[in-house]
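Pasting a structure here, questions to come.
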Amino acid sequence: MGQQVINGLFLGSIYALFALGYTLVFGVLDILNLAHAAVFMLASFVALALVGGAHLPILAALPLAAVVAGLIGLLLDRVAFRPLRARADSNISGLISSLALATVFEAVALQVWGPNVSRFPLGTVPEGRPIPLLGAEVSRLQLVTVGVAVLLFVSLTWLVRSTRLGRELRAVAESPRAARILGVDVDRAIAAAFFISSALGGAAGVLFGLAYNAIAPDMGRSVELKGLAVIILGGMGSMPGAVLAGFALGLFEVFVVATFGASWRDAVSFAALFLVLVLRPRGLLGAAALREA
Amino acid sequence: MSALLEVEALERAFGGLRAVDGASFGIEPGRVHGLIGPNGAGKTTVINLVSGLLAPTGGRIRLEGREIHGLAPHRVAALGVARTFQSIRLFPDLSAEDNVLVGRHLKRSPSLLARVLHLPAARAEEREARARAAALLEGVGLADRAGEQARHLSYGEQRRVEIARALASEPRLLLLDEPTAGMNPVEVQAVAALIRRAAGEGHSVLLVEHNVRLVMDVCDVITVLHFGRVIAEGPPAAVARDPAVVAAYLGSAA
Amino acid sequence: MWERLVDLWGTYESTLGYIGINGLLALSVYATLSCGQLALGNAGFAAIGAYAATLLTVKANLPFPAVLAAAALLPAAVAVPLGLPVLRLKGVFLAIATIGFGEVVRLGIVNWEYVNGAQGIVAIPRKSGVFTIWLFVAAALFLFGRLRGSKWGFALEAIREDEPAARTMGIPSGAYKLAMLALGAALAGLAGALEAHFTFMVAPNGFAFGRVVDMLVFAVVGGAQVFWGPALGAAFLTVLPELLRELAPLVGIEPGPLRLLVNGLVLLAVILFLPNGLASLPGRLRQRRLAREAA
């Protein structure tokens, strides 16, 4: 039982990191960035290249891959979202345009690395004795994953609460027009949001790749929909909600697999998502508020 | 004469803000009934409540004795209520004539089968509906702009199309929300004539307006709203002299 | 000469069939887009139609017309209880809920042993050919064409442009949206059934999220403002990969990635520069020409 909890928290922290990026962009822009999962996947491949090709240790490759992911996020903003900002239906057209870039990213990954599953070279994650905790065992990888995730959550919370960028983001989330009038460089703030969001998604991707040691161009697919489930459950635009719901989903999945078997895992998650949307679309912590112009 | 519309102790709160706070008034059939008051008095909220876009948090609304508060907008419309919007809500991609045609929705009952099979009955129904729409546009002086996309019409033209669209459903009660906002005096006179004619043809009108002269000119009765409550009611001359009304307008930043 | 034609047909029959199937699927998404709803559960509806049809053919040996009727009616029936709660959701929430529905259907099939779960069913007798498929596409286009410009077509357009205003004119938007959801479900189910009896097989991985994304892309690239746009988009994007396959070796990219790359770039180009899709191209060019002549 304790082992399930630890496994659940481990999986949950990856979901939470991924969802955090998703919800950051949704909170600020009211747009669902469907390329998030593709960035998740690309970061994993970048880490693979750094570790396998450039022989970097994983602890260096992880932040580097996250930064590369952030840069891809900037590209995403510049090419897919910024040109559509002025349009009335910008959330639907933004969704479609991000879908287009996701397809392009997947094509690039397919061409460069092929469709088959790639793996990190042996010894990427230093083996060591698992650490006993609460009657169960925590592997080094699990510990580092949860640790990295918590570190990023705390940093992001600090950034949003206490820095100027954080204030600017909150202003843009309320009303871009008002923010602009108050002197905020809205385009720059949004670009920063994309950088952070994609870096978080990228970090999640690297950790996911390490966790399952299976990296493939279509690895984003299952996580993409789970990520949607998480941000709905947590409340669209709510960062603490995304974290909470991410952990909740991780735990939920581990328990469903233990009780019903692996094939039921996803079905139960989506059924839960569906019920939440119908019964309480705001999710746990979300605001139902509409955005002003 | 029993009232066409009765509003009784109507309340609508948004969180802590009471936009409408116990308003009561009645509209007699065939009359033009003005609803005025300083900005933020709750006039548009009253229109939203009567047309069904909002549900009241208290009080009642009755149309010919039948309770309509809380009904969905399309049901209220089916009972004979039509409206225009303060911020003009024409369908931007449709032409002026098509906009009015949509307004005719409640009065059309074509057969789906006849339409799919392209039968003469369907074609006749369509011709008739379009003819009505064209006539309504002519009635507001816009026959020559019938084919123009709504987004390309001038502001004044759009307002008139909206009125034509509202009249298309042959409503018993017409709710006009600041129909002359932003218009020049000539255009205002045209709308005044339209309103008088509509009333003459049997439509009752609830007119929300800021243009005091228009209201005095065209209305049979005026209700004055302030902070969501009725502070005066009566024929225009009496209301104009009412000290409470004067205080409300001078005292607030209207 | 005759043999050449037969050969050609053999090579391209599959493509021609898929132009039709994709056309139906694109129209199924258009049904709800036409009243402003982004409902993306159609992969689930197609799966229901495909599997229902397959079971009725393979286990009950019903005649094909009856099978197709069931394939259209069953998803439509499912759409009604689905739509009642879900159509109240706005914008992207509706999209996500319907995506969730599609996934639940797919995963339900994966876990259902009676239909072989993830492996699917094979050796379905061939009952639909290109002609049958295109007949249904023509019928669907005809139906949408008759709807446009009618009382109901205008009501749908009004709901798309401004739903609350439309309601104040007496248009019961809830009923219209539900009807369009059911119509879309019927078209998707029909497409699923036709595909199963055209390709001899049916499997849940053919109804994953990516499938409904394809449908949306057909509709957007073709142009979702007119009823024939989505069919045009489906045709264009079904034929394009075939052309690209010839091109691939010249460019030095594998056919698989090349197809995805071009799909992505076409979609991006459309959404950025031609948002109303290929269908709007003639109008745009005409406007450009008129503007130049006026200058």
Side-chain angles (χ1 to χ4, degrees), chain A residues 26 30-32 34-35 38 79-80 83-84 87 89 91-112 114-115 217-218 221-222 224-225 228-229 231-232 236 260-261 263-279 281-282 290, chain C residues 33 36 38 40-41 82 84-86 88-112 117-118 208-210 213-214 216-217 219-221 224 252-273 275:
Chain A
F26 190 85
D30 258 346
I31 292 184
L32 207 51
L34 287 183
V79 173
L84 300 175
R87 291 208 205 154
D89 68 339
N91 16 18
I92 299 291
S93 50
L95 188 143
I96 294 179
S97 140
S98 66
L99 204 55
L101 275 183
T103 315
V104 170
F105 291 159
E106 197 177 325
V108 167
L110 263 178
Q111 177 63 22
V112 174
D218 66 353
R221 202 130 311 148
S222 66
E224 171 173 60
L225 296 177
L228 279 182
I231 62 175
I232 293 287
M236 299 278 255
F260 297 108
S263 58
W264 284 105
R265 181 192 60 195
D266 292 350
V268 179
S269 300
F270 288 119
L273 161 68
F274 187 78
L275 278 173
V276 169
L277 272 172
V278 169
L279 297 174
R282 302 164 64 214
L290 286 174
Chain C
L33 282 178
L38 186 61
L40 297 178
L82 174 69
L84 285 170
V86 142
R88 280 188 273 131
L89 298 171
K90 296 282 176 279
V92 85
F93 290 91
L94 171 64
I96 296 174
T98 45
I99 292 170
F101 162 76
E103 280 297 289
V104 168
V105 169
R106 181 183 68 86
L107 291 164
I109 293 173
V110 164
N111 284 310
W112 194 14
F209 176 50
V213 167
D214 284 346
L216 180 63
V217 172
V220 170
V221 168
I253 305 182
E254 295 297 309
L258 184 61
R259 181 180 70 85
L260 275 180
L261 182 67
V262 172
N263 268 2
L265 291 176
V266 166
L267 184 59
L268 192 64
V270 164
I271 199 76
L272 288 179
F273 305 119

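All values reported here derive from a predicted model rather than from experimental measurement. Sequence lines set the chain letters: A, B, ... in the order given, protein chains first and strands last, and positions in each chain run from 1.
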What are the two closest non-hydrogen atoms of A:Glu106 and C:Leu260, and how far apart are they?
->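 In terms of heavy atoms, the two residues are closest at OE2-CD1, 4.2 Å.
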Of all heavy-atom pairs between A:Ala100 and C:Gly264, which one has the smallest distance, and what is that distance?
-> CB-O, 3.4 Å
Does the side chain to side chain contact (heavy atoms under 4.5 Å, CB included) test come out yes or no for C:Val213 and A:Thr103, once each step is laid out?
-> CA-CA 11 Å; C:Val213 167; A:Thr103 315; over 6 Å; no
Exam field: side chain A:Gln111 to backbone C:Glu254, donor-acceptor pair closer than 3.5 Å |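 Yes, the answer is positive, given that a donor and an acceptor are paired below the 3.5 Å cut-off.
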Would you mind checking which part of A:Ile96 comes under 4.5 Å of any heavy atom in chain C, side chain (CB onward), backbone (N, CA, C, O), both or neither?
->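 The answer is both parts of A:Ile96.
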Residues C:Ala95 and C:Leu40: closest non-hydrogen pair is CB-CD1, 4.2 Å
When the 4.5 angstrom heavy-atom criterion is applied to C:Leu265 and chain A, the contacting part is both
Part of C:Leu89 lying under 4.5 Å from any heavy atom of chain A =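 Just the side chain, heavy atoms under 4.5 Å.
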For chain C, find which of A:Leu225, A:Leu273, A:Val79 contributes the most heavy-atom pairs closer than 4.5 angstrom.
-> A:Leu225
Please flag which part of A:Phe105 lies under 4.5 Å from any non-hydrogen atom of chain C: side chain, backbone, both or neither.
->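 Neither the backbone nor the side chain of A:Phe105 comes within 4.5 Å of chain C.
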Chain A contact via C:Phe209 - side chain, backbone, both or neither, heavy atoms under 4.5 Å =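 When you check distances to chain A, only side chain atoms of C:Phe209 fall under 4.5 Å.
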Closest heavy-atom pair and its distance - A:Ala102, A:Ala35 = CB-CA, 3.8 Å
Side chain from CB out, backbone as N, CA, C, O: work out which of these in C:Ile99 comes under 4.5 Å of a heavy atom of chain A, or both, or neither.
-> side chain
Pick from C:Asn111, C:Leu107, C:Val104 with the largest number of heavy-atom pairs that fall under 4.5 Å of chain A =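 Option with the top pair count is C:Asn111.
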Between C:Val220 and chain A, which part of the residue has a heavy atom less than 4.5 Å away: side chain, backbone, both or neither?
-> side chain
Measuring from C:Ile271:CD1 to A:Leu99:CG, what's the distance to the nearest 0.5 Å?
-> 10.0 Å
Sort out for me which of C:Pro275, C:Ala269, C:Ala208 touches chain A most, counting heavy-atom pairs under 4.5 Å.
-> C:Pro275
Heavy-atom distance under 4.5 Å to chain A: side chain of C:Leu82, backbone, both or neither?
-> side chain
Aromatic plane relationship, C:Phe101 with A:Phe274 - under 30° parallel, 30 to 60° tilted, over 60° perpendicular |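 Rings of A:Phe274 and C:Phe101: tilted, as their planes differ by 30° to 60°.
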